[in-house]
Amino acid sequence: MTTEQSDAITDGRPAEPVVAGDPQPATDGSDRSDARPEPAVRTTGEQPGPASGAAESAGRADAAHTGSPAAAGDADATAGADDPGTTANGTAAGAGTAAKARAGDTAGTADSGDTAGKAGPDTGRAGADGPAADEAGRTAEADPAGPAKTDTEPTGKTGDEPAEETKPDDPFVAFGPAPDPVVGRPRRAVGAVGRFLVHEWTLATVAALALAVLMTWPTLRYPAYTLPQDYWDPSLQAWQMAWSGHILLTDPAQLWNANTFFPDPWSFAFSDTLLGYAPAGMIGHGPEAALVRYNIMFVLAHALATLGAYALARQLGAGRIGAAVAGASYAYAPWLLAQAGHLHILSNGGIPLALAMLARGHGWSLRYGYRPERRHAGWAFTGWLVAAWQLSLGFGIGLMFAYLLGGVVLVSTVIWFARRWVVRPVKRPFGGRLFLADLLGGLLFGTVGALLAVPFFKVAELHPNAARTLGDIAIYSPPASGFLTAPAESRIWGELHEGARAVLPWHPEMTLLPGFALYALAAGGLFFSVWRVRHRLYLLAGVLVSMVLAMGTRFFGGTYTFVPLFEYLPGWNGLRTPGRLMLWATLLLGLLAAGAVTAFCARVREFAAERVPPWPGPWLRLATLLPLLLVIVEGLNVTPHPVAPQQPAVMRTVDGPMLVLPSSQNLDQPVMVWSTSRFQQMVNGGSGFTPETQAKVRDVTVGFPDQPSIDYLRQLGVRNVVVLRTQLGGTPWEGMLDKPVDGWGITREDVGEAVVYHLTSR
């Protein structure tokens, strides 16, 4: 029964409607909307006072059930029934109008299922089928034309009535809005994977990997047989990764006493070690695995360099395309093509990545300055970890990075305290967790650097000839023309710059062109950029300082630039080729270019937004990719990929200590890779210098087999001498196989294309 049915005619006037869901204000001014509902009453005759209690109490009950804005509005519509001037004479005066309005707003809505569907089953019963409505309906049906009974009973069912019957489901609920679906765990997992796949950093990583494969092709075409650039230094570095992985799994205490350069100790520190790649060295075994590992890490090093510079530019405030320009120019600068055989130089991606993480952890960017709300101790600590890993790859570029980090920490600390206490005495929060992350991370970085430096200082002590001199630096110091000259491996400029390379004393280390497109973009970034003017000037100053240091002793003799660093900074005298400091100039030029490209892209978006229709907006946005395309094209290469010498079968059977002849710097490096099958001890080895013991062995064995050479080798502990027939031509050992061995106490054995001399009884 609905509220409309309760409009019984009594005494010639409509009875007061019983309306649920209308909270009524108390006559004393207090808010009674949250009071407990009172039982509705049947009235007969005239009653003084406000409108019937049934309407008020039912309204309060409805309001308590619904609590909805609609119910509050209905309460305002029927508030006139509580007017003090309105009296009830058997029925409430003027209630007919309120009943009709209420019947349309509340009871009718409840019957239609709208309110019940939205507010729930309790609201539906209170608004249409509640106790007050049922009682009013029964009163009207019992005496539709006469006066109501005078006795007062509570609303609802009486004591002699059965218990409340179960109401059938409201068929109109189906017309209400469908409930929100409950997302299960599989759908949540799929959604998380989808968000991960389209995330900026996922796309940036995939793009960096794809670009690295394309730009270094055909490195991965025959990874088990070829090496980029040549098979000398790459063979050495392939052995380094294999040795570090092997010895850390078998006998970590002997890490620095490698199987090469027997019997000299600390031989693993004769050159940069690539120790950070040791986990990769634990996978696979033998020469083929060593070549595959090297080629994969060669490609990944380019990808990490691209991603690291991209991350740094993004953290500093560059846009996506601008950051991509910075990443591509840093990884594929033309001058780096001459370093294709030096993986420890190409493995530079940890430098910008660590700087990006440290800047992120400290809430700092070049474009927006210091934002303490963006601090994150975890990012800062991770940045120190990446910096320590980068240092473990070698001091060739890691030493400059370590000094740079030390300088940044010192300058940043001074500036922070000055702004906090002197210049602008305002609160500049730092945070205890961030301080602890920096303290622990800095200590870890310093500890790694100190532990790695110990073997190199030992080598310098045991081998004075390993130390560099200013004369050595002068040989490799490039002139200013080197900054405009590309190496022969450049597909775009290689042939065009052949004449310029011819006048350079040692062009592999003196062709330092970072790219003409990069020069142009960086120059534009000095005048049109998202960076502040002072920041552009800082970047320019960094570029100029890096170039001056890269010239070594060529810049006015290096008296006030390179020479003081060489003489006073620990470890600086171990740098042989100052031109590799061009790495820092390339990174800073890329940041200048990123600022210009970001500003250009922003202007294009603004211009496209002002056009109605937006044409030529799409074409202009496509044009923003042109700087990136120019940088990538200028980094194309024609790097050779020669086939590495195959391992002789004898290397898999002969025990050490051993000597492989002929021996030289270049010939020994492939021999090092051949030894990865068994890692037997050998006199052979190639590095940045030649130990005195190895040099003497080469001199003495020119007459091998003879008494002096045999005695000296036995004194060293060498048991076997392996002679490679195919490599003797044109070497000092060319006729050694024609000499007899009788009377020398040694035996000779042919093993395939090699001849083995056993110096001890077998």
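Everything numeric here is computed off the predicted structure, so don't read it as measured data.
- Judged by distance alone, with hydrogens and angles left aside, the side-chain atoms of Asp472 form no donor-acceptor pair with the main-chain N or O of Arg468 at under 3.5 Å.
- In plain terms, the two heavy atoms of Leu588 and Gly542 that are nearest each other are CD1-C, 3.3 Å.
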Can you give me every donor-acceptor pair (side chain of residues 589-600, partner residue at least two apart or in another chain, under 3.5 Å) with its distance?
unit_1, atom_1, unit_2, atom_2, d
Thr598, OG1, Gly319, N, 2.9
Thr598, OG1, Ala594, O, 2.7

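- Side chain to side chain, Ser365 and Tyr370 fail the donor-acceptor criterion of an N or O pair below 3.5 Å.
- Taking Arg534 as the reference, Arg532, Tyr538 meet the side chain to side chain contact (heavy atoms under 4.5 Å, CB included) condition, with sequence neighbours excluded.
- When all heavy atoms of Ala301 and Tyr277 are compared, the closest pair comes out as CB-OH, 4.1 Å.
- Taking the six-membered ring for Trp and the full ring otherwise, the centers of Phe516 and Trp493 sit less than 6.0 Å from each other.
- Taking Thr624 as the reference, nothing meets the side-chain hydrogen bond (donor to acceptor under 3.5 Å, both in side chains) condition, with sequence neighbours excluded.
- Remark: Phe298 CZ to Ser347 OG distance equals 9.5 Å, nearest 0.5 Å.
- At distances below 3.5 Å, not a single donor-acceptor pair connects side-chain atoms of His362 with backbone N or O atoms of Trp364.
- Judged purely by distance below 3.5 Å, without hydrogens or angles, the side chains of Thr511 and His497 never pair a donor atom with an acceptor atom.
- Sorted by first and then second residue, the side chain to side chain donor-acceptor pair (under 3.5 Å) pairs involving residues 498-508 (not counting sequence neighbours) form an empty list.
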In a table with atom names and distances, give each donor-acceptor pair under 3.5 Å that connects a side chain of residues 221-232 to protein atoms at least two apart or in another chain.
unit_1, atom_1, unit_2, atom_2, d
Thr226, OG1, Tyr222, O, 3.1
Gln229, NE2, Glu489, OE2, 3.3
Asp230, OD1, Trp232, N, 3.1

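- Looking only at distances, a side-chain donor or acceptor of His376 sits under 3.5 Å from a matching main-chain atom of Gly378.
- Here the side chain of Arg314 pairs a donor or acceptor atom with the backbone of Ala318 at under 3.5 angstrom.
- Scanning all heavy atoms of the two residues, the minimum distance from Leu526 to Arg536 falls at O-NH1, 3.2 Å.
- In this structure, Gln315 contributes its side chain and Leu353 its backbone to no donor-acceptor pair below 3.5 Å.
- Between the CG atom of Leu404 and the CG atom of Leu399 there is a distance of 11.5 Å, given to the nearest 0.5 Å.
- The shortest heavy-atom contact between Tyr519 and Pro514 is OH-CD, 3.3 Å.
- Of all heavy-atom pairs between Leu581 and Ser546, the closest is O-CB, 4.2 Å.
- When every heavy atom of Asn637 is checked against every heavy atom of Arg491, the shortest pair comes out as O-NH2, 3.1 Å.
- The closest donor-acceptor contact from the side chain of Thr273 to the backbone of Leu275 lies under 3.5 Å.
- Inspection of the Gln240 and Ser271 side chains reveals an N or O donor paired with an N or O acceptor under 3.5 Å.
- Between the side chain of Thr202 and the backbone N or O of Phe196 there is at least one donor-acceptor pair closer than 3.5 Å.
- Side chains of Trp335 and Thr586: a donor-acceptor N/O pair is present below 3.5 angstrom, by distance only.
- In this structure Glu495 satisfies the salt bridge (charged side-chain N to carboxylate O under 4.0 Å, His left out) test with no other residue, sequence neighbours excluded.
- Annotation: the span from Phe395 atom CZ to Met400 atom CE amounts to 15.0 Å, rounded to 0.5 Å.
- Residues satisfying the side chain to side chain contact (heavy atoms under 4.5 Å, CB included) criterion with Val409, sequence neighbours excluded, are Trp384, Thr413.
- Applying the salt bridge (charged side-chain N to carboxylate O under 4.0 Å, His left out) rule to Glu606 yields the partners Arg603; only residues at least two apart in sequence or on another chain are considered.
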Only pairs under 3.5 Å count here: list side-chain donor-acceptor contacts from residues 306-313, not counting sequence neighbours, and write none if there are none.
unit_1, atom_1, unit_2, atom_2, d
Thr306, OG1, His302, O, 3.0
Tyr310, OH, Glu200, OE2, 2.7

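- Below 30°, between 30° and 60°, or above 60°: for Tyr403 and Trp572 the angle between ring planes is between 30° and 60°, a tilted geometry.
- Glu509 meets the salt bridge (charged side-chain N to carboxylate O under 4.0 Å, His left out) test with Arg580; sequence neighbours excluded.
- Residue-environment remark: CZ (Arg371) exceeds the threshold of 12 foreign heavy atoms within 6.0 Å.
- Around the CH2 atom of Trp584, the shell of radius 6.0 Å holds more than 12 heavy atoms that belong to other residues, nucleotides or ligands.
- In this structure a side-chain-to-backbone donor-acceptor pair under 3.5 Å is missing from Arg576 to Ile473.
- Between the CG atom of Leu583 and the CG atom of Leu587 there is a distance of 7.0 Å, given to the nearest 0.5 Å.
- Formation of a donor-acceptor pair under 3.5 Å by the Glu634 side chain with backbone atoms of Gly515 is not found in this model.
- Note that CG of Leu355 is 6.0 Å distant from CG of Leu405, once rounded to the nearest 0.5 Å.
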Pair up each side-chain donor or acceptor in residues 554-561 with any protein partner under 3.5 Å, not counting sequence neighbours, and list the distances.
unit_1, atom_1, unit_2, atom_2, d
Arg554, NE, Ser477, O, 3.1
Thr559, OG1, Phe556, O, 3.4

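- Contacts of Arg360 classified as salt bridge (charged side-chain N to carboxylate O under 4.0 Å, His left out), with partners at least two apart in sequence or in another chain: none.
- Side-chain atoms of Asp272 come within 3.5 Å of backbone N or O of Gly396 as a donor-acceptor pair.
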